[in-house]
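Everything quoted here is computed from the prediction, not taken from an experiment. Just so you know, residue 1 is the first one in the sequence shown, and it goes up from there.
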Amino acid sequence: MVGVLMRLSGPGPETQAGAERGALLPALAIAGFVFAAAAVALHAPPATGEMAVVFAPGTDEIAAYAAILAAGGRFVAPTRLGNIAVAYADSPGFGDRIKEFGGLFTLAAHGLCAPLQGSTP
């Protein structure tokens, strides 16, 4: 009888907490979308100029250098991460061309993808 009365008297604390958490889902989804859009905008590579080229893990600097040259770019420097190299592209379309030579994608050359200081190509 007590269980019947509790069900008739309204939702318990467990149900109310679940409803409150559910009310936050739209706000969390919007915040996640804004965060993802900002990350994409901050790391989008330029059409020309300096950009980071990401290669498959294990790609050495010599192979990256050769791929960048073959795609029509210039090797600028290595980065803190072994499979990322910084290239300079004189013409648009370098991001598409480098994929033909083993590059996975390109990013803006800042943060972890910035050229190492004092490195020589």
Enquirer: Quickly, which of Leu104, Asp60, Ile98, Leu81 forms a side-chain contact (heavy atoms from CB on, under 4.5 Å) with Phe55? Name it, please.
Expert: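 It is Ile98; the other options fail the test.
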Enquirer: Mind listing the closest non-hydrogen atom pair of Ile84 and Thr79 along with its distance?
Expert: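 For Ile84 versus Thr79, the nearest heavy atoms are O-OG1, 2.8 Å.
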Enquirer: For Arg80 and Gly111, indicate whether the former's side chain and the latter's backbone hold a donor-acceptor pair under 3.5 Å.
Expert: yes
Enquirer: Search all heavy atoms of Ala64 against all heavy atoms of Ala85 and return the closest pair with its distance.
Expert: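 In this case the closest contact between Ala64 and Ala85 is CB-CB, 4.2 Å.
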Enquirer: What heavy-atom pair brings Pro92 and Arg97 nearest, and what distance separates the two atoms?
Expert: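 Scanning both residues completely, I find the closest heavy atoms to be O-NH1, 3.2 Å.
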Enquirer: Is there a continuous path of hydrophobic side-chain contacts, each under 4.5 Å between heavy atoms, that joins Phe94 to Phe75?
Expert: yes
Enquirer: Could you tell me the separation between the OG1 atom of Thr48 and the CG atom of Asp90, rounded to the nearest 0.5 Å?
Expert: 8.0 Å
Enquirer: Should Phe101 and Leu69 be counted in the same cluster of Ile, Leu, Val, Met, Phe, Trp and Tyr side chains packed under 4.5 Å apart?
Expert: no
Enquirer: Looking only at heavy atoms, which two atoms of Ala77 and Pro115 are closest? And how far apart?
Expert: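 Result for this residue pair: CB-CB, 3.7 Å.
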Enquirer: Where is the tightest heavy-atom contact between Cys113 and Ala108, given as atom of each residue plus distance?
Expert: CB-O, 3.8 Å
Enquirer: Main chain of Met51, side chain of Thr106: is a donor-acceptor contact present, judged purely on distance under 3.5 Å?
Expert: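 Checked: no pair found.
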Enquirer: Nearest heavy-atom pair of Val54 and Leu107: which atoms, and what distance?
Expert: CG2-CD1, 4.0 Å
Enquirer: Walk me through whether Arg74 and Ile68 qualify under side-chain contact (heavy atoms from CB on, under 4.5 Å).
Expert: CA-CA 6 Å; Arg74 291 184 299 195; Ile68 290 168; 5.6 Å; no
